[in-house]
Amino acid sequence: MKLYDTRTAQKQEFAPLDGAAVRMYVCGITPYSESHIGHAMSYIYFDVLRRYLQHLGYRVRHIQNFTDIDDKIIARAKQQGIGTVQLAQKYIADYYEVMDRLGILRADVYPLATVEIPYIIDVIEDLVEKNFAYASEGDVYYRVEHFRPYGALSHRKLDEMLAGARVDPGEKKESPGDFALWKASKAGEPFWPSPWGPGRPGWHIECSAMSLRYLGTQIDIHGGGQDLIFPHHENEIAQTEAFTGVAPFARFWAHNGLLTLGEQKMSKSLGNLITCRDALDRYTPEALRLFFLSSHYRSPLAYSEENVTAQNRALDRLRGALEPTQDTGAEVDAAPFRRRFTDAMDNDLNTPQALAAMFDLTSEIYRARLAGQAVAAGQAGLIEMADILGLHLRPAKRDASADPFIEILVELRKELRTSQQFTLADGVRQKLQALGVVLEDSAQGTKWKFGG
RNA sequence: GGCGACGUAGCCAAGUGGUCCAAGGCGGAGGUCUGCAAAACCUCUAUUCGGCGGUUCGAAUCCGCCCGUCGCCUCCA
């Protein structure tokens, strides 16, 4: 498949370094508040990438961090009067819960920054030894000007960035572009001992340390939102490549476009967000997933309740195509649709096009069924494609305790219709509909389902 | 200010030189079926791709300018 790489700014044929195994690192969250649907969107995209790579026969080793110590966590914990660990654990639990509900496959390892401190210190020490970093009053900074390719990922020139950079008074940096690898702790802040005194890791170093530790010196795919390109990923490259002497650290940089709410990016710091929890209260995981996948992962997307809601109708259409039939005759052939699907996915994960193939197959199944042809092969193909996208089209498990009562009403209505008492029959149907039960009459009898 | 991305039907959204007088979904209109609905099926719903120029035999697709929107440059998926 072809995958777009931010660093080279082009689509390139993807193949892992190591034969059948793909090493993928996706930047995780800083757990100081509930995960929002911008996170959900990003992790759904990477979930689909992973599922598709697995479909192609690769074994994927997927690592995703939690940056469970930083300024925001310290501030929020203080505000809530709890410990930083307690705060982070609370939001990590929230993350797991909502992402599980969204059907996102779990990573192989979710390393925590606070647990990787010894390894982080090792990396920093090495960078200091190599002169890529320097200690300054208990802090340690990365000497950006010593890393020649700095800016290669974000396509910026260091001197242009420095020209506009502000220099805060009292900075301990040699140069405004330098960034912290280690921060000395202030009074009352959590700290870990280090060769430079008590402190905590800077923001970017944990990802370098974790990817090195769990995936090695070179990885195949490094993912995250486009807002991480600079400075986070740029700095990761500087750290990791200076440490290993091997480039490129990540062979493909995959960045998803950002979700906007109203006129702005959805983000925790701006406060304009919808939490996953709220979204899941209102919409099914499938509707949300379909909403995200109907836009290409690299495009920005505006959150729209109207458009998420509209996905329910589309899902009903897909699900309807999977209803069993017992007709025989010519088989619906899923192959041409499967081919369109994989062609689309091979082209930098073009999920909107892949979905179009699925919807066309869906129409084909309906038409064939109308013509009395067998559709099992088509249905199998549709399910296979849906699985690759992580879309669960099979009806969810639900409480069936009301079913016998609904059956009685359906039976009653049948008798009313038989005796031409249509007003009463329609009344039953309308009242059931008001309760969320949809009836569909056909020559084969009346079917009913929840939804609609 | 610097760097980058984007602007396609009522809404969402693919398509990046001819096979596109432009996929797919939602919505809408008409029809078939039905006691009526619903679902499904059939037909229709952008002579046109932000605007203006240019390159080319040929452009939504390439180039230039303009208008508009967003992102990054500071924490952020």
Side-chain angles (χ1 to χ4, degrees), chain A residues 6 9 26-30 32-33 35-46 64 67 70-72 75 151 154-157 160-166 168 177 179 203 223-232 234 255-260 263-270 273 290-291 293-296 298-302 304 306-318 320-321 323 340 344 347 350-360 362-363 365-367 369-371 417 420-423 425-426 429-430 433 438-443 446-449 452:
Chain A
T6 303
V26 179
C27 274
I29 56 160
T30 301
Y32 71 88
S33 62
S35 295
H36 60 70
I37 52 176
H39 299 126
M41 180 175 90
S42 182
Y43 298 124
I44 284 171
Y45 289 145
F46 287 105
Q64 186 170 316
T67 301
D70 92 321
D71 294 349
K72 289 255 167 62
S154 54
H155 307 292
R156 294 153 201 241
K157 291 188 175 64
E160 283 172 5
M161 283 188 280
L162 293 181
R166 55 156 202 267
D168 290 341
F179 59 91
W203 173 34
Q226 282 174 349
D227 52 352
L228 296 181
I229 295 171
F230 189 90
H232 186 56
E234 196 70 71
H255 292 106
N256 62 274
L258 302 175
L259 186 67
T260 59
E263 299 298 292
Q264 277 182 311
K265 176 178 79 159
M266 187 173 290
S267 84
K268 289 191 282 194
S269 49
L270 293 171
L273 52 79
L290 194 56
F291 171 69
L293 296 184
S294 61
S295 164
H296 185 81
R298 283 194 286 117
S299 301
L301 180 64
S304 150
E306 186 191 342
N307 289 330
V308 178
T309 304
Q311 304 310 320
N312 285 319
R313 302 298 302 273
L315 283 163
D316 281 346
R317 186 167 166 74
L318 293 170
E323 282 171 18
R340 278 175 56 199
N347 184 14
N350 192 329
T351 54
Q353 255 180 10
L355 284 168
M358 285 174 62
F359 281 107
D360 285 343
T362 297
S363 296
I365 289 170
Y366 280 119
R367 274 194 292 269
R369 192 150 54 188
L370 210 60
R417 291 176 72 212
Q420 307 270 306
Q421 307 214 50
F422 293 121
T423 309
D426 290 349
R429 183 174 64 202
Q430 280 154 21
Q433 180 150 32
V438 179
L439 303 193
E440 291 176 8
D441 298 326
S442 74
T446 299
K447 284 190 300 191
W448 65 271
K449 64 181 182 186

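Scope of the values below: all heavy atoms of this structure, side chains included, with no hydrogens, waters or symmetry mates. Just so we're on the same page: letters track the sequence lines, and every chain starts at 1.
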- Separation of T309(A) OG1 from F291(A) CZ (nearest 0.5 Å): 10.0 Å

- Base-paired stems that RNA chain B participates in, counting runs of 3 or more Watson-Crick or G-U pairs under 3.5 Å: B:1-7 with B:67-73, B:10-12 with B:24-26, B:27-32 with B:40-45, B:50-54 with B:62-66

- Query: Between A77(B), C75(B), C41(B), which nucleotide has the shortest distance from any of its atoms to the side chain of K72(A)?
  - Reply: C75(B)

- Hey, which of these two, Y366(A) or S295(A), hits RNA chain B nearer its 5' end, going by closest nucleotide? S295(A)

- Taking the side chain of N350(A) as its heavy atoms from C-beta onward, which of G15(B), A77(B), G35(B) lies nearest to it? G15(B)

- Task: Measure the shortest side-chain to side-chain distance between P300(A) and L258(A) over non-hydrogen atoms and say whether it is less than 4.5 angstrom.
- Result: no

Under-3.5 Å N/O pairs linking protein and nucleotides 18-27 of chain B:
unit_1: G27(B); atom_1: OP1; unit_2: R313(A); atom_2: NH1; d: 2.6

- Is any NZ, NE, NH1 or NH2 atom of the basic residue among D441(A) and K447(A) found under 4.0 Å from an Asp or Glu carboxylate oxygen of the other? no

- Note on the structure: Here the distance between atom P of C6(B) and atom CG of L301(A), to the nearest Å, is 15 Å

- Rounded to whole Å, the CZ-P distance (R298(A) to A14(B)) equals 11 Å

- Query: What does Q430(A) touch in the nucleic acid at a heavy-atom separation under 4.0 angstrom: a base, only the sugar-phosphate, or nothing?
  - Reply: nothing

- Task: Tell me which nucleotide among A77(B), C73(B), C41(B) gets nearest to the side chain of F230(A).
- Result: C73(B)

- With the side chain defined as heavy atoms from C-beta on, L370(A) is closest, among A40(B), A13(B), G35(B), to A40(B)

- Check whether any side-chain N or O of K265(A) sits under 4.0 Å from OP1 or OP2 of C70(B), and answer yes or no. no

- Item | Along RNA chain B (nearest heavy atom to each residue), the more 5'-positioned of S154(A) and T362(A) | S154(A)

- Query: On a whole-Å scale, what distance lies between the P atoms belonging to U61(B) and C70(B)?
  - Reply: 24 Å

- Query: Which value, in whole Å, describes the distance between the C1' atoms of nucleotides G15(B) and A9(B)?
  - Reply: 15 Å

- Query: Is there a donor and acceptor pair closer than 3.5 Å between the side chain of D441(A) and the base of C36(B)?
  - Reply: yes

- Query: Tell me: NE2 of H232(A) to P of U74(B), nearest whole Å?
  - Reply: 15 Å

- Item | Close side-chain approach of E323(A) to R369(A), heavy-atom, < 4.5 Å | yes

- Task: Round to the nearest Å and state the distance from K449(A) atom NZ to A40(B) atom C1'.
- Result: 11 Å

- If the C1' atom of C41(B) is compared with that of U34(B), how far apart are they to the nearest Å? 14 Å

- Query: When you check the phosphate oxygens OP1 and OP2 of A38(B), does a side-chain N or O of K447(A) lie under 4.0 Å from one of them?
  - Reply: no

- Message: So, taking the atom named CE in M358(A) and the one named OG in S363(A), what distance separates them when rounded to the nearest 0.5 Å?
- Response: 12.0 Å

- Base, sugar-phosphate, or nothing for G223(A), non-hydrogen atoms under 4.0 angstrom? nothing

- Using atom C1' of each nucleotide, how far apart are C49(B) and U8(B) to the nearest Å? 4 Å

- When we call it a touch if two heavy atoms are under 4.0 Å apart, what does Y43(A) touch: a base, just sugar-phosphate, or nothing? sugar-phosphate

- Message: Between C1' on G71(B) and CG on L228(A), what's the gap in Å once rounded to a whole number?
- Response: 13 Å

- Counting only side-chain N and O atoms of S299(A), is one of them less than 4.0 Å from OP1 or OP2 of A14(B)? yes

- Sugar-phosphate, base or nothing in reach of M358(A), heavy atoms under 4.0 Å: nothing

- H255(A) side chain near R298(A) side chain, heavy-atom distance below 4.5 Å: no

- For L258(A), which contact category applies under a 4.0 Å heavy-atom criterion: base, sugar-phosphate, or nothing? base

- Options C12(B), G35(B), G71(B), nucleotide nearest the side-chain atoms of F422(A): G35(B)

- Message: What contact category does E440(A) fall into here, base, sugar-phosphate, or nothing, at under 4.0 angstrom with non-hydrogen atoms?
- Response: base

- Message: From NZ of K157(A) over to C1' of G2(B), roughly how many Å is that when rounded to an integer?
- Response: 11 Å

- Item | D227(A) backbone acceptor or donor facing K265(A) side chain under 3.5 Å | no

- Query: If you measure from the C1' atom in U55(B) to the same atom in A46(B), how many Å do you get, rounded?
  - Reply: 26 Å

- Protein-nucleotide distance (I229(A), atom CD1; C72(B), atom P), rounded to Å: 10 Å

- Item | M41(A) vs M266(A) side-chain heavy atoms within contact, under 4.5 Å | no

- Task: Would you check if Y43(A) and I29(A) make a side-chain contact, meaning some heavy-atom pair closer than 4.5 Å?
- Result: yes

- Query: When the C1' atoms of C75(B) and C12(B) are considered, how many whole Å apart are they?
  - Reply: 31 Å

- Sugar-phosphate, base or nothing in reach of R369(A), heavy atoms under 4.0 Å: nothing

- Starting at CG of L259(A) and ending at P of A77(B), how long is that distance when rounded to a whole Å? 13 Å

- Task: Under 4.0 Å between any heavy atoms, over every strand shown, what does G320(A) touch: base, sugar-phosphate, or nothing? Just pick one.
- Result: nothing

- Message: Does H39(A) reach a base, just sugar-phosphate, or nothing at all? Heavy atoms under 4.0 Å.
- Response: base

- Quick one: is the NZ or CZ of R156(A) closer than 6.0 Å to the six-membered ring centre of F230(A), and within 45° of its axis? yes

- Message: Can you confirm whether N256(A) sits close enough to Q226(A) that some side-chain heavy atom of one is under 4.5 Å from a side-chain heavy atom of the other?
- Response: no

- Message: Say we look at U45(B) and C66(B): how far apart would their P atoms be, to the nearest angstrom?
- Response: 38 Å

- Spell out, as yes or no, whether a donor-acceptor pair under 3.5 Å connects the side chain of Q264(A) to the backbone of T260(A). no

- Message: Would you say that L355(A) contacts L290(A) through its side chain, given a criterion of any heavy-atom pair below 4.5 Å between the two side chains?
- Response: yes

- Message: I'd like the P distance from U74(B) over to U19(B), given in whole Å.
- Response: 47 Å

- Using a cut-off of less than 4.0 Å, is there contact between a side-chain N or O of R367(A) and OP1 or OP2 of C42(B)? yes

